[in-house]
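Report on one structure; see the data block that follows.
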There are 2 protein chains.
Amino acid sequence: MDSVSLLSDMDGVNLKTKQKRTAGQKHGDLRIELLREGLALLDTQGVEGVTIRAVARNTGVAHSAPANHFPTKQALLTAIAAVVFANLADLTVKAITGLSDKPEQAIQAFAETCFQFAFDTPNRYQLLWQRQLIDQDDPVIAKEMERVYSALLSLLRQDHANHRVDIETDAIAIWSMIHGYISMRLDGNLVAAKDTVTNLPRHKAILLSLIDGIYHRDS
Amino acid sequence: MDSVSLLSDMDGVNLKTKQKRTAGQKHGDLRIELLREGLALLDTQGVEGVTIRAVARNTGVAHSAPANHFPTKQALLTAIAAVVFANLADLTVKAITGLSDKPEQAIQAFAETCFQFAFDTPNRYQLLWQRQLIDQDDPVIAKEMERVYSALLSLLRQDHANHRVDIETDAIAIWSMIHGYISMRLDGNLVAAKDTVTNLPRHKAILLSLIDGIYHRDS
DNA sequence: CTCAATAAACTGACACTGTCCATTTTAACG
DNA sequence: CGTTAAAATGGACAGTGTCAGTTTATTGAG
């Protein structure tokens, strides 16, 4: 779960090979340090704590230094979200690899990965879906979102036996269930959802069985 | 769908009977006007546009006047959310009344009401679940949230024929599906969800049939 | 090696926000 | 009518995002 290593191949820029500094660059890799600090603030204080000035302060640069790498706050949050999204995409894709001949297990693994990611790093998960904070049309965001989505789609497509008519809607239904439960829980809604220890395993079990039901339904 | 009328009996204060002004009160019903203006800003500019100073400006009072009625911004947003939540609770309860002997239809009506409310007034719906903006432990919020939740629960409890073992989890699953799809759509996620006109009716139909499946499942 | 070019980083400023404070205004009541 | 207490005011403060002008450091050409 080393998010730092993920930073290195984000945005199509391989920072490992970028050893030379560009003109005027006094700081080593300010862009990546800002992202790292932004992730730290996100984890510890939530998205409210991720301010341009705080990120700059914790990195030890002037308050306007980030502007050279992220023209606006939305750009900074979008870049952070891109890292997080890539992380989630990697995890889900990894979870279902090798299970291509067992679609049911693969879907369970997909859902389980989402649950784990969301409950391990709730602030990261929540950032991904805040439309007013990040640029959802950002190409990297779109790409990584598509990776997660198509991972789920591919599982449904493999179901040759079933005469499935509307794969996309099935995927949306499955994802609605997963995402809905996670959102509800992270937002602290529903009285029954407050007791995490005893309820979470039971809820997860039922949700997984319901998802399996969606998968096996004959439309 | 007159939200203004709803303002009158919120927070246990019946403002209709409160004709006399209290000491020092120069403005007619500033508290209610602030709420009304807050709702207007929420609808037109989203939650980001709801600032204490903007609400005060549009109401024609000093920037610090709202502090007498809402000590903090979270209190203002919480009061707005309480109005919205009460509205949603009223709509859902109203939608299922008279359908107590037809649980399937009632659940469909419940879901349909949530869909309609969310797509008619997306900013209001989204405000309800922003934990970091509103005080989820507010008694009015909790009460109205409970009203929505117990409305759904009552429908599942009426199903005497079915040997349902875990009503709460079924309710959570149904609500996860509804809330998950709505959130996904309002956040603009998933490529397939972008074409509203053609996809929304189809998605809704399938989701409703899936919800029906949850209702009829034998645990 | 020298030095202009250039991108990065810095300092300063502006408008805006939420919140606190002291002050003034206003309506109700003895 | 005067007292009183709540409401509303204006000012101030720290914090924010963003913009502008300036300085600095690195690069690469002469």
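Keep in mind the model is a prediction, meaning the values are calculated, not measured.
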Under 3.5 Å, is there a donor-acceptor pair linking the side chains of B:D187 and B:Q126? yes
Interatomic distance where [atom1] belongs to [X] and [atom2] belongs to [N] [whole Å]:
X	N	atom1	atom2	answer
B:E33	D:dA8	CD	C1'	14 Å
B:F70	C:dC20	CZ	P	16 Å
A:L30	D:dT26	CG	P	14 Å
A:E48	D:dG17	CD	C1'	15 Å
B:L77	C:dT17	CG	P	14 Å
A:L133	D:dG17	CG	C1'	14 Å
A:L34	C:dA9	CG	C1'	11 Å
B:Q45	C:dC16	CD	P	14 Å

By nearest atom, which of the nucleotides [options] is closest to the [X] side chain?
X	options	answer
A:H69	D:dA8, C:dT19, C:dA9	C:dA9
A:T51	C:dT19, D:dT16, D:dT9	D:dT16
B:N68	D:dA8, D:dG17, C:dA9	D:dA8

Donor-acceptor contact below 3.5 Å, side chain A:T72 vs main chain A:A75: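 Checked: no pair found.
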So do the side chains of [X] and [Y] get within less than 4.5 Å of each other, counting heavy atoms only?
X	Y	result
B:L76	B:P66	no
A:L39	A:R124	yes
A:L186	B:R131	no
A:V84	A:E144	no

Any donor-acceptor pair under 3.5 Å joining the side chain of A:R53 to the base of D:dG17?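 Indeed, a donor on one side and an acceptor on the other fall under 3.5 Å apart.
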Can you sort out which residues in residues 54-65 of chain A have a heavy atom within less than 4.0 Å of DNA chain C? Ascending by number, please. A:V61, A:A62, A:H63, A:S64, A:A65
Can you name the residues that form a salt bridge (charged side-chain N to carboxylate O under 4.0 Å, His left out) with B:E48, not counting sequence neighbours?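 Checked B:E48 against salt bridge (charged side-chain N to carboxylate O under 4.0 Å, His left out); zero matches.
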